[in-house]
Amino acid sequence: MATRTFIESIRETLAGEMRRDPATIVLGEDVGRKGGVFLATDGLYAEFGESRVIDTPLTESMIVGVSIGAAANGLRPIAEIQFADFIFPAFNQILSEAARMRYRSNNAFGCPITIRAPYGGGVHGALHHSQSVEAFFTHIPGLKVVVPSTPHDARGLLRSAIRDDDPVLFFEHKKLYRSVRGDVPDREYTIPLGSAAVARPGTQITVVAYGLMTHYALEAADTVDDEGISVEVIDLRSLRPLDRGTLLESVRKTGKCLIVYEDNRFGGYGAEVAAIVAEEAFDYLDGSITRLAGPDVPGVPYNHVLEDWFMVSPAKIADAIRTLAAY
Amino acid sequence: MATRTFIESIRETLAGEMRRDPATIVLGEDVGRKGGVFLATDGLYAEFGESRVIDTPLTESMIVGVSIGAAANGLRPIAEIQFADFIFPAFNQILSEAARMRYRSNNAFGCPITIRAPYGGGVHGALHHSQSVEAFFTHIPGLKVVVPSTPHDARGLLRSAIRDDDPVLFFEHKKLYRSVRGDVPDREYTIPLGSAAVARPGTQITVVAYGLMTHYALEAADTVDDEGISVEVIDLRSLRPLDRGTLLESVRKTGKCLIVYEDNRFGGYGAEVAAIVAEEAFDYLDGSITRLAGPDVPGVPYNHVLEDWFMVSPAKIADAIRTLAAY
Amino acid sequence: MGRSTAPSGLGDAVGLSDEQLVGMYRQVALARAIDERMWVLNRAGRVPFVISGQGHEGALVGIMSAFRRGHDWIVPFYRSIAACLTFGMTPRDLLLAQFAKASDPSSGGRQMPGHYGSAAHNILSTSSPVATQILHAAGIALAAKLRGTDQVAVTFMGEGASNQGDVHEALNFAGIHHLPFVFVVENNGYAISVPASKELAVRDVAVRAAGYGMPGVIVDGADVLGCYPPAAEAVRRARAGEGSTFIEAKVTRLTAHSSDDQQTRYRSEAELTAERARDPLPRFRAQLRDAGVLDDALEAEIAAENLRQVDDATEHAEGEPDPTVDTALLYVYAEDRPPAAGA
Amino acid sequence: MGRSTAPSGLGDAVGLSDEQLVGMYRQVALARAIDERMWVLNRAGRVPFVISGQGHEGALVGIMSAFRRGHDWIVPFYRSIAACLTFGMTPRDLLLAQFAKASDPSSGGRQMPGHYGSAAHNILSTSSPVATQILHAAGIALAAKLRGTDQVAVTFMGEGASNQGDVHEALNFAGIHHLPFVFVVENNGYAISVPASKELAVRDVAVRAAGYGMPGVIVDGADVLGCYPPAAEAVRRARAGEGSTFIEAKVTRLTAHSSDDQQTRYRSEAELTAERARDPLPRFRAQLRDAGVLDDALEAEIAAENLRQVDDATEHAEGEPDPTVDTALLYVYAEDRPPAAGA
Ligand SMILES: Cc1ncc(C[n+]2csc(CCOP(=O)(O)OP(=O)(O)O)c2C)c(N)n1
Ligand SMILES: Cc1ncc(C[n+]2csc(CCOP(=O)(O)OP(=O)(O)O)c2C)c(N)n1
Ligand SMILES: [Mg+2]
Ligand SMILES: [Mg+2]
């Protein structure tokens with residue numbers, strides 16, 4: 001068992017998977033000599049060489065489209081999109097091509113690619129370096145979407161993503177890269193895609209979160225615990241497939257559900273969670289299904305005053321918990 | 001008062017707006033000499049000439065990106081995307097540019113463009129000519145999203161869209177083009193974006209729909225009416241901004257809510273509607289908030305057996321109403 | 001198998017035997033026969049939609065004759081009937097797609113007709129958004145290079161599609177990495193109704209090759225034989241590690257864009273008549289007859305055999321069952337297996 | 001305003017007076033002074049982020065001198081400090097963006113530094129995803145053409161960005177419609193850490209112009225004066241309705257990509273030293289001095305005046321208030337007006 005930062009865990013997992021399977025390649029902007037703008041691929045270029053660690057041109061549609069083709073001819077590409085904000089030039093390739101290859105060919109072709117992308121705000125990234133983009137992808141059948149929150153989960157989930165036979169989007173919150181450390185077992189474990197974790201057991205309110213928001217929810221749960229409110233925090237980890245069992249079991253137990261996400265509120269991923277709970281746990285609820293999310297403005301503003309205003313914080317979560325507890 | 005098909009209403013509205021405002025232009029693939037693949041722009045080329053009715057190259061990102069720039073320099077572009085399925089190459093321009101121009105420039109620049117696109121299934125269009133794509137856009141602050149269901153509304157809403165100072169996506173269900181007729185007043189009316197319509201008043205169950213699904217919901221409501229179930233059908237018409245008032249008033253009255261949409265279920269627009277109802281009308285509900293939507297497969301399959309399986313139908317809606325009524 | 005006892009010498013300059021020439025003729029004619037059948041079925045109301053490649057077949061057969069079937073890769077688009085035939089798809093395969101039956105090897109009836117694909121024949125599944133496929137072909141070529149398989153990937157699209165951003169990105173990538181990749185633009189002068197003058201800033205798309213450090217070759221798609229040598233050279237270059245090639249074939253679209261289109265709305269009678277002179281099939285036939293490679297008897301034999309195959313394929317495909325509702329949820333993900341197989 | 005009494009004749013060949021040359025020098029030097037100040041502020045911890053254009057200023061001032069301020073349009077990217085200055089943005093404007101203050105005219109502190117824009121000066125708001133702006137510039141040019149305004153739209157980006165699909169689509173459209181449009185690629189040999197050899201299939205991006213039926217011109221961005229004539233010709237062509245021009249300026253990136261980058265990870269000391277010889281500022285200075293356009297006194301006066309402006313801008317900007325939370329929801333849509341204005 002070793003202690004690792006979030007990004008160290010990712011970096012080592014990439015190296016490990018590349019050692020394990022010669023069909024894996026890494027491609028993206030600045031992933032080679034520079035080792036990625038966040039250094040997630042640092043060292044891979046030196047170890048695996050420029051044919052397996054490809055510094056691509058500044059063209060995201062190409063990064064994904066070439067990955068799709070390479071996968072059809074026997075490789076297992078791990079693409080990096082430098083910031084999740086810049087994934088949209090590749091949206092057509094992801095939605096119309098990667099996600100549909102298997103269904104449209106009636107299983108003749110698959111698309112085993114992993115697309116990693118740093119996401120999220122609170123890092124002075126402004127409108128175009130702060131986005132949470134998961135909702136655009138969780139709506140697409142044929143894709144899997146993963147958002148880890150700990151170094152341990154990042155490793156187990158990234159292994160599963162790379163070994164999965166379908167396209168997986170793997171979103172890493174930039175703020176976690178260096179701020180979070182945790183134990184990472186030495187053994188070759190995987191975490192199945194589609195399994196949530198009960199990050200903290202509790203009895204009175206379920207808080208559903210993922211990524212950075214899991215940490216904030218845990219902080220908030222600690223705060224209100226002192227006030228006598230027992231919170232269960234569910235870390236979804238995998239947004240598609242979603243672990244309905246763990247989610248619904250918790251809500252049926254507590255009867256109250258707060259969903260926290262950093263993305264813009266309207267039409268965000270939390271809407272689907274709310275809709276599922278409303279449909280499948282209605283009889284167990286004794287309070288409105290509540291969402292706490294980013295405001296509906298086009299991106300996180302740069303100035304720190306406005307950025308703080310935008311971001312969901314542990315304090316805001318604690319407040320929302322208190323309100324719901326008093327329902 | 002004249003009777004018009006859905007597409008006639010759109011065509012005449014385009015012509016009328018072009019006569020009214022010389023800054024309007026129409027651009028897209030085949031919109032000129034051919035008059036559009038559905039003939040929505042038929043006659044415009046002859047009347048307004050090739051400088052105002054532009055047959056563009058087969059490049060959607062260009063169609064939207066050029067519209068953004070043209071709008072910045074005084075034009076009011078009405079872009080056609082031939083099928084909603086092909087809007088994704090322009091996704092980056094719509095999300096990162098059109099939707100953000102005003103916010104990011106602190107109101108120095110706006111983006112008064114309208115993007116029309118035929119959407120929807122049940123027309124033997126298979127995976128790539130049948131999609132409902134609204135959920136990808138309703139999540140984006142800065143955009144407006146409109147889905148009319150009648151010739152009357154198509155006219156009033158399209159006028160508002162074209163005259164609006166912000167980017168509006170205007171989705172037209174292909175199946176309505178020639179199958180629906182209705183009265184269209186001669187006067188210059190507009191329908192404000194953000195106002196839903198009570199398409200049919202009722203007391204026991206609220207069915208929320210838009211586009212083709214409004215018609216199917218009305219059919220289903222007729223069917224169950226004979227069985228003594230009184231259904232109120234809300235036609236949202238504008239998905240963003242959403243008319244929360246009309247929606248919540250209806251649900252608070254009936255206490256039961258069925259949301260119908262054609263798009264894939266998971267993460268679709270109906271999830272947001274369900275989430276809002278769950279949050280803001282919880283105390284009035286006496287039944288699960290229910291969604292009836294397309295299955296979670298990557299697109300509508302071509303073969304008619306599979307296509308029928310995919311599509312939400314009046315019969316399926318009637319069944320869902322019966323189940324919810326019996327809750 | 002020329003009728004004259006002595007070899008005709010027609011293909012000598014380009015390295016094709018009379019037997020190969022006859023084989024190529026057979027394919028052009030077969031592609032045409034299948035294509036015409038599709039339109040007949042559509043007019044008769046037996047299939048709701050047709051999109052096809054009449055006028056494009058000559059270029060495709062000429063070019064594809066340079067590739068190695070069962071080894072190289074095709075990434076097709078909706079006009080690639082002839083290309084798919086050269087790589088081993090059968091008339092039955094194509095008609096099954098046309099009728100969208102459960103046994104359709106391209107998609108099990110899930111996709112629109114014309115969206116071919118076959119893992120068995122290294123033909124990647126076609127989708128509808130134009131031009132996306134060029135990046136897949138570049139990726140296949142990248143994998144071929146990294147894995148050292150000696151394969152070449154060839155992809156096709158119309159001149160209209162070639163203006164899409166994906167084309168720029170793919171050619172740039174292929175150029176940087178000298179990929180074993182061949183890009184074929186089938187320039188028929190129209191993107192549905194939009195004429196070349198409004199979709200393309202240049203007359204010859206192939207001039208763009210220079211912007212990616214690769215040769216750009218223009219061939220007359222009405223001249224089947226003329227299409228072969230540049231393709232053979234492109235394949236040689238690709239296998240030798242010398243990089244990619246851009247081939248523009250000037251072709252003609254003999255039919256409307258698809259069965260949903262009426263081309264008389266935007267093309268004059270005069271133009272349509274003139275364009276028929278650019279049909280590769282009669283020209284190739286005349287060329288082979290003049291050289292003595294083809295005579296009445298062989299021509300009739302080929303026509304009869306093609307007709308037999310098309311009849312067989314039509315009858316077979318029309319009689320096959322539709323996919324059933326219980327399969328509709330399969331293969332969204334790899335783990336979605338049919339219940340039977342899982343039991 | 002040359003010091004010698006007689007005109008130097010230096011700009012005669014290209015049609016620039018000594019006064020204009022001094023004005024251009026002033027702008028290059030001012031852009032540099034602002035840029036250096038930003039880095040100083042960053043190193044001192046007073047601003048968290050810098051992205052800037054050291055090494056690119058010469059090309060920009062040379063090129064922009066051919067455009068008409070207050071009439072033509074600029075669609076900038078994050079290295080366009082010098083271009084924005086030539087069109088009327090002030091040092092205060094630029095520093096307000098750097099400090100992200102409420103009165104920042106580019107975005108009211110909402111965007112990252114370096115994302116300039118000004119409706120008053122026909123400078124379209126900059127965003128971060130590279131290359132998208134080229135389509136906006138083409139759209140502005142289209143509107144200029146249709147409305148008959150006689151305006152020209154110029155846009156800029158790096159050679160890395162120029163590989164994006166949007167560039168292909170924009171150039172094709174501009175080429176088809178002979179738009180009054182000028183495309184400037186500032187080729188500094190790197191896209192962050194990726195060297196030209198891995199981002200570009202060709203050495204000279206401008207060769208791609210031929211694929212869009214427009215002239216492609218390569219200029220040495222270290223030679224300020226040399227950048228002017230091709231730009232003047234591009235503007236002349238544009239106003240005469242002759243169409244678009246593609247200009248590639250070979251420049252050098254004197255700093256790291258941004259304050260978040262460490263270029264020594266991927267560029268050698270030797271390379272960095274050699275590149276400093278391609279700095280346009282000392283070269284232009286020497287050229288003007290040699291010609292007698294500039295002397296010690298004038299040079300000192302300009303330096304002092306620029307410093308004064310930069311000091312003033314820094315002090316002003318740093319002292320301005322941050323945007324307040326009550327403005328955060330404004331301007332998502334046109335109808336989102338401040339409460340006061342609405343009352
Ligand atoms: C991205 C996208 N936009 C629009 C369409 C609709 N569409 C299908 S084919 C076509 C024209 C294609 O023209 P071209 O590439 O020249 O090929 P051709 O049909 O002439 O062979 C269009 C506009 C599409 N399939 N994909
Ligand atoms: C679509 C997109 N992808 C990635 C980025 C991240 N990024 C910002 S600048 C840059 C490199 C740009 O290189 P180049 O275009 O040559 O301009 P330079 O910075 O060298 O002037 C990258 C990769 C981005 N801003 N937008
Ligand atoms: Mg064509
Ligand atoms: Mg560069």
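Numbers restart at 1 for each chain; the letters A, B, ... are given by sequence-line order, proteins then strands.
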Quiz item: Under a 4.0 Å N-O cut-off, is there an ion pair linking B:E188 with B:R163?
Solution: yes
Exercise. Considering only heavy atoms and a distance below 4.5 Å, find which of B:G142, B:P57, B:S51 pairs most often with chain D.
Key: B:G142
Quiz item: Is the closest side-chain donor-acceptor distance between D:D166 and B:S61 under 3.5 Å?
Solution: yes
Quiz prompt | D:S106 side chain reached by D:D93 side chain, heavy atoms, under 4.5 Å | solution = no
Quiz item: Counting heavy-atom pairs under 4.5 Å to chain B, which of D:A153, D:G117, D:A120, D:S118 comes out on top?
Solution: D:S118
Quiz item: So, does D:T245 use its side chain to make a donor-acceptor pair with the main chain of D:P215 at under 3.5 Å?
Solution: no
Self-check item: Contact leader toward chain D among B:R102, B:R104, B:K144, where contacts are heavy-atom pairs under 4.5 Å
Solution: B:R104
Self-check item: B:D55 (side chain) donor-acceptor with B:D30 (main chain) under 3.5 angstrom
Solution: yes
Practice problem: Could you look at D:T327 and say if it's the side chain, the backbone, both or neither that has a heavy atom under 4.5 Å from chain B? | Solution: neither
Quiz item: Is it the backbone or the side chain of D:L171 that comes under 4.5 Å from a heavy atom of chain B, or both, or neither?
Solution: neither
Quiz item: Is the cationic atom of B:R159 (NZ for Lys, CZ for Arg) positioned less than 6.0 Å from the six-membered ring centroid of B:Y189 and within 45 degrees of its normal?
Solution: yes
Quiz item: Looking only at atom types and distance, does a side-chain atom of D:N122 sit under 3.5 Å from a main-chain N or O of D:I74, one as donor and one as acceptor?
Solution: no
Quiz item: Does NZ or CZ of D:R110 fall inside the cone over B:Y103's six-membered ring, less than 6.0 Å from its centre and within 45° of the axis?
Solution: yes
Exercise. Pick one of side chain, backbone, both or neither for D:I176, based on which atoms fall under 4.5 Å of a heavy atom in chain B.
Key: side chain
Quiz item: When heavy-atom pairs shorter than 4.5 Å are enumerated against chain D, which of B:L143, B:T56, B:I25 gives the highest number?
Solution: B:L143
Exercise. Select all residues of residues 83-99 of chain B having any heavy atom within less than 4.5 Å of some heavy atom of chain D, and report them by number, or 'none'.
Key: B:N92, B:Q93, B:S96, B:E97
Quiz item: Under a 4.0 Å N-O cut-off, is there an ion pair linking B:R76 with B:E17?
Solution: no
Exercise. Below 4.5 Å from any heavy atom of chain B, which atoms of D:L124 appear? Answer side chain, backbone, both or neither.
Key: both
Exercise. Against chain D, label B:L58 side chain, backbone, both or neither, depending on which of its atoms sit under 4.5 Å from a heavy atom there.
Key: neither
Quiz item: Does any heavy atom of chain D fall under 4.5 Å from the side chain of B:S67, the backbone, both, or neither of them?
Solution: neither
Practice problem: Measure B:E50 against the heavy atoms of chain D and call it side chain, backbone, both or neither at under 4.5 Å. | Solution: neither
Exercise. Indicate yes or no for a side-chain donor-acceptor contact from B:S195 to the backbone of B:I191 under 3.5 Å, with no hydrogens or angles considered.
Key: no
Quiz item: Which residue out of B:P241, B:A70, B:P141, B:C111 racks up the most heavy-atom pairs below 4.5 Å with chain D?
Solution: B:A70
Self-check item: Considering all heavy atoms, the nearest D:S162-D:L200 contact
Solution: OG-CD2, 4.5 Å
Quiz item: So D:H168 and D:Y212, ring-ring contact (aromatic ring centres under 6.0 Å, His included) or not? Walk me through it.
Solution: CA-CA 9 Å; D:H168 184 52; D:Y212 308 103; 5.6 Å; yes
Exercise. Tabulate, in ascending numerical order, the residues of residues 164-172 of chain B having at least one heavy atom closer than 4.5 Å to a heavy atom of chain D, or enter 'none'.
Key: B:D165, B:D166
Practice problem: Return yes if some donor-acceptor pair links the side-chain N/O of D:K145 with the main-chain N/O of D:H177 below 3.5 Å, else return no. | Solution: yes
Quiz item: Do any N or O atoms from the side chain of D:E320 and from the backbone of D:S103 form a donor-acceptor pair under 3.5 angstrom?
Solution: no
Quiz item: Would you call D:D150 and D:R68 a salt bridge, using N to O less than 4.0 angstrom?
Solution: yes
Quiz prompt | SB check B:R155 B:E12 (cutoff 4.0 Å) | solution = yes
Exercise. Mind ranking D:G109, D:A119, D:P323, D:S125 by heavy-atom pairs under 4.5 Å with chain B and telling me who comes out on top?
Key: D:S125
